[in-house]
Each structure stands twice: as structure tokens, then as C-alpha cells.
Amino acid sequence: MQLTGIHHLTAISADAPGNHAFYTQVLGMRLVKKTVNQDDTSAYHLFYGDGRASPGSDITFFEWPVPREERGTRAITRTALRVTGRAALEYWTGRFDEHNVHHGGIINRDGRESLDFEDPEGQRLSLVDDGGAGAGEIWEKSPVPAAFQVRGLGPITLSVPDPAPTDLVLTQVLEMRPVRAFEENGRKVKVYEMGAGGPDAEVQLVTEPGLPPARQGAGGVHHIAFRTPDRAQYAAWAQRLAALRLPSSGPVDRHYFRSLYFREPNGILIEIATDGPGFDVDEPMETLGESLALPPFLEERRTQIEAGLKTL
């Protein structure tokens with residue numbers, strides 16, 4: 001029983017139309033599912049991924065009318081998106097300049113070339129050269145050339161004031177492997193991996209004791225989800241959390257995947273999610289994201305739900 005990598009990351013936006021424009025038109029990602037937050041149907045839940053909606057490629061957003069995030073620790077502070085090669089990072093530097101995207105220069109972080117940038121709401125992102133490692137499916141309709149498209153997620157950076165309790169959860173509960181450490185701007189960063197390893201299966205834990213706790217808002221991250229391949233292992237994870245007496249959501253059927261949620265001791269929300277059934281369970285792969293998709297238990301409320309959503 002082992003997690004195989006990053007499944008998805010869910011963040012917060014206060015501007016669904018602007019968010020949609022940025023992630024599809026500037027970043028060239030595919031809107032693979034347009035649905036709603038199943039616990040708050042007034043809010044969009046938008047999923048952007050690769051051309052085949054592969055697990056591990058999705059950055060997703062809840063749209064809530066909230067102020068900007070107040071940055072700090074006890075939070076997920078940077079989301080990396082994988083591309084391949086120096087030429088891709090150079091292409092993106094030019095594209096960001098063209099679209100007035102706030103970005104830094106190409107740097108070396110933990111042995112990989114990276115390009116930090118922010119979306120219009122201040123979401124902290126990076127493009128990371130994955131060296132061709134990890135899955136990724138092109139999207140033929142993307143405005144970005146195939147060779148330079150975003151291939152998926154990883155690594156993800158967590159900030160905590162005290163790494164010991166989070167380390168315990170990552171290693172002893174989730175069975176991740178600590179593989180190396182590095183320093184950046186005077187901060188200690190420890191790297192953990194799952195499954196076969198590689199950037200799509202990595203978490204970076206940075207220690208920042210001098211910062212106040214972050215306050216979630218637009219431009220911040222809601223939770224990180226890790227992959228488990230099938231229902232059998234999902235059931236085993238549910239049993240494991242219960243046996244360890246870790247407070248959790250218990251099994252949750254999200255229609256597109258099954259989920260478990262819990263908070264680690266520093267307050268970061270973690271999800272374990274199955275690879276399937278997948279986003280094409282209720283609409284064809286060729287037309288994913290083109291209309292509002294609702295799980296069966298919300299279908300009878302479609303008219304009411306659609307009336308409360310903005311036009312993208």
C-alpha cells in the first residue's frame with residue numbers, strides 16, 4: 001500500500017471568468033471538468049489538466065467571493081507545474097512578458113531549472129523542468145505549442161513553523177520517503193517522495209518559524225491530494241487512518257474519484273484520492289469541460305445551480 005504521486009491540488013479564486021481565461025488561454029491548460037463544489041453548490045469547481053485529464057495533471061479551483069490570501073506559514077505556498085527542457089522555460093519567459101504575467105528569472109532549485117510566476121490573483125506557481133520524467137498528454141487545442149505545454153503537477157511546497165509533526169505524518173502515516181534536503185534563502189527544505197519518485201511524486205517541506213499562520217483566501221491553496229491507484233488500496237487507507245485514530249472525513253464519493261480528507265498537525269488539509277473512475281465517467285473525453293457536469297445526486301437541482309453561476 002503506497003501513494004503513487006500527486007493527484008491534484010485545489011486552490012481558491014474569487015474570479016472564475018478571469019481564472020478560466022488565465023489557465024486556458026495563457027497557460028494553455030485544458031478545462032477538463034466544469035462542475036461545482038459538492039459541499040457548496042454556489043461555487044464553481046474548475047479543473048484544469050492535460051489533454052487526457054490524467055490523474056496528477058489537475059490544478060483545480062473553488063470560486064468563493066473572499067479577499068486575497070494573507071500569506072504565512074502552515075500552508076501550501078508554491079505549486080509547481082512540469083514542463084520539459086530549457087527551451088520550454090525560455091518560451092514561457094517570453095510568453096509571460098507578452099501577457100504581462102508577474103514572473104522571476106530562470107533559476108536552479110533543488111537541481112532543477114525553474115521559473116517562478118504568479119497568476120492574476122497572486123497564486124504562487126513555478127514551471128519546473130522535469131527532464132521528461134512523469135506522464136503528460138498534449139492538448140491539441142491548446143494555444144501553447146505541444147513541446148512546451150504543461151505536463152502535470154509537482155513538486156508541491158508546504159510551509160510549517162515546526163517540521164517534526166508534519167514529517168511524522170509524511171513518513172509514518174503516508175509512508176513517504178525523505179530523500180534529500182537543501183537550503184534556499186536561509187530556509188531549510190526537506191524533500192519527500194512517493195511511488196517511483198520524480199517531480200510528480202514529490203513534496204518539499206520548508207521550515208519558516210518566523211512567519212504568522214497564513215489566512216486562506218483568493219490566491220491561496222485549499223488542499224493537496226495524493227494518488228492511490230484503486231478502491232482496494234483506498235479502503236486500506238481509510239482503515240489505516242481509523243486505526244491510527246486520525247480524525248478524518250471517512251470515505252467520500254466525489255463521483256470522479258473517491259476521497260479521504262484529514263489535517264496534519266500544522267493544519268494543512270490533505271486528501272487521498274483514487275485515480276478513477278475519471279472525468280470521462282459522465283461526458284465524452286473529446287468534450288470534457290464544455291458544459292456544466294453534475295454528479296447524479298445534484299442533477300435534480302441543475303436549474304437552480306446553473307442560475308447561481310457566472311458565465312465563463
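What's counted below: heavy atoms across the whole structure, side chains too, no hydrogens, waters or symmetry copies.
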Between CG on residue Leu125 and NE2 on residue His103, distance to nearest 0.5 Å: 13.5 Å
Can we say Asp275 and Arg258 salt-bridge, meaning some charged N sits less than 4.0 Å from an Asp/Glu carboxylate O? no
CG/Asn266 to CG/Leu158 distance, rounded to the nearest 0.5 angstrom? 9.5 Å
Check: Gln123 side chain, Gly220 main-chain N or O, donor-acceptor pair, under 3.5 Å: yes
If you compare all heavy atoms of Arg95 against all heavy atoms of Val144, which two are closest, and at what distance to 0.1 Å? NE-CG2, 3.8 Å
Any carboxylate oxygen within less than 4.0 angstrom of a Lys/Arg side-chain nitrogen, looking at Arg124 and Glu69? yes
Could you check whether any side-chain N or O of Tyr44 sits under 3.5 Å from a backbone N or O of Lys310, counting only pairs where one atom can act as donor and the other as acceptor? yes
Picking from Asp129, Asp50, Asp130, what satisfies salt bridge (Lys or Arg N to Asp or Glu O under 4.0 Å) with Arg151? Asp130
Would you say the ring centers of His45 and Phe47 fall short of 6.0 Å from each other? yes
Contact between Tyr48 and His20 at the side-chain level, heavy atoms closer than 4.5 Å - yes or no? yes
For the backbone of Phe148 and the side chain of Trp92, can you confirm whether one donor and one acceptor N or O come within less than 3.5 Å of each other? yes
Under a 3.5 Å distance rule, please check whether Ser126 uses its side chain to pair with a backbone N or O of Val128 as donor and acceptor. no
Using the rule given for salt bridge (charged side-chain N to carboxylate O under 4.0 Å, His left out), can you reason through Lys33 versus Asp282, listing the C-alpha separation, both sets of side-chain angles and the distance that settles it, and then say yes or no? CA-CA 10 Å; Lys33 187 61 63 175; Asp282 59 358; 2.8 Å; yes
Pairing residues for Tyr256 by the ring pair (Phe, Tyr, Trp, His ring centres under 6.0 Å) criterion, not counting sequence neighbours: Phe279
With a 4.0 Å cut-off, would you call Asp200 and Arg227 a salt bridge? no
Between the side chain of Gln216 and the main-chain N/O of Val221, is any donor-acceptor distance below 3.5 Å? yes
Can you tell if the side chain of Gln149 reaches within under 4.5 Å of the side chain of Trp139, non-hydrogen atoms only? yes
Quick check: does any side chain N or O of Arg30 sit under 3.5 Å from a backbone N or O of Ala53, one acting as donor and the other as acceptor? no
Check whether Leu260 and Met1 end up in the same hydrophobic cluster, where Ile, Leu, Val, Met, Phe, Trp and Tyr are linked by side-chain heavy atoms less than 4.5 Å apart. yes
Inspect the surroundings of CZ in Arg112 and state if more than 12 heavy atoms from other residues, nucleotides or ligands are less than 6.0 Å away. yes
Starting at CG of Leu27, measure out to OG of Ser142 and round the result to the nearest 0.5 Å. 9.5 Å
Measure centre to centre between the rings of His222 and Trp64, then say whether the value is under 6.0 Å. yes
Ile76 side chain near Leu9 side chain, heavy-atom distance below 4.5 Å: yes
Measure the CZ-CG distance between Phe61 and Asp15 for me, rounded to the nearest 0.5 Å. 11.0 Å
Donor-acceptor contact below 3.5 Å, side chain Glu264 vs main chain Ile268: yes
Under a 3.5 Å cutoff, is there a donor and acceptor pairing between the side chains of Thr60 and Asp58? no
How close do Glu283 and Val32 get, counting heavy atoms only, and between which atoms? OE2-O, 4.2 Å
Taking every non-hydrogen atom, the tightest pair across Tyr91 and Pro143: OH-O, 4.3 Å
Main-chain N/O of Tyr261 paired to Glu271 side chain as donor or acceptor, under 3.5 Å: no
Between CD1 of Ile6 and CG of Leu153, what distance do you get to the nearest 0.5 Å? 6.0 Å
Are Glu113 and Arg86 close enough for a salt bridge, meaning some N to O gap below 4.0 Å? yes
With no hydrogens and no angle check, do the side chains of Arg301 and Thr41 hold a donor and an acceptor under 3.5 Å apart? yes
Test log, rule side chain to side chain donor-acceptor pair (under 3.5 Å), inputs Thr73 and Glu208: CA-CA 7 Å; Thr73 188; Glu208 296 184 294; 4.9 Å; no
Mark yes or no for whether Arg82, through its side chain, and Ala133, through its backbone, hold a donor-acceptor pair below 3.5 Å. yes
Can you find a heavy atom in the side chain of Pro155 that is under 4.5 Å from one in the side chain of Val191? no
Output for pair (Leu211 CG, Arg71 CZ), nearest 0.5 Å, gives 11.5 Å
Side chain to side chain contact (heavy atoms under 4.5 Å, CB included) between Phe182 and Lys188, worked out: CA-CA 6 Å; Phe182 65 97; Lys188 296 179 180 178; over 6 Å; no
Ignoring hydrogens and angles, tell me if any N or O in the side chain of Arg187 forms a donor-acceptor pair with the backbone of Glu184 under 3.5 Å. yes
Can you see which heavy atom on Pro209 is nearest to which on Pro161, and at what distance? CB-O, 3.6 Å
Any Leu309 side-chain heavy atom under 4.5 Å of Val36 side chain: yes
Does the ring pair (Phe, Tyr, Trp, His ring centres under 6.0 Å) test come out yes or no for His8 and Phe257, once each step is laid out? CA-CA 11 Å; His8 67 269; Phe257 44 84; 5.3 Å; yes
Can Glu290 and Lys34 be counted as an ion pair, charged N to O under 4.0 angstrom? no
Taking the side chain as C-beta and beyond, is there a heavy-atom pair between Pro17 and Thr311 under 4.5 Å? no
Does the distance from a Lys or Arg side-chain N to an Asp or Glu carboxylate O, for Asp116 and Arg109, drop under 4.0 Å? yes
Identify the heavy atoms of Arg254 and Ser259 that sit nearest to each other, and give their distance. CG-OG, 3.5 Å
Pairing donors with acceptors under 3.5 angstrom, does anything connect the side chains of His102 and Glu118? no
If you compare all heavy atoms of Pro251 against all heavy atoms of Tyr234, which two are closest, and at what distance to 0.1 Å? CA-OH, 3.0 Å
Salt-bridge criterion met for Arg177 and Glu202 (N-O under 4.0 Å): no
Do Tyr23 and Asp119 get their side chains close enough for a donor-acceptor pair, meaning under 3.5 Å? yes
If we only count heavy atoms from C-beta on, is the Leu168 to Val173 side-chain gap below 4.5 Å? no
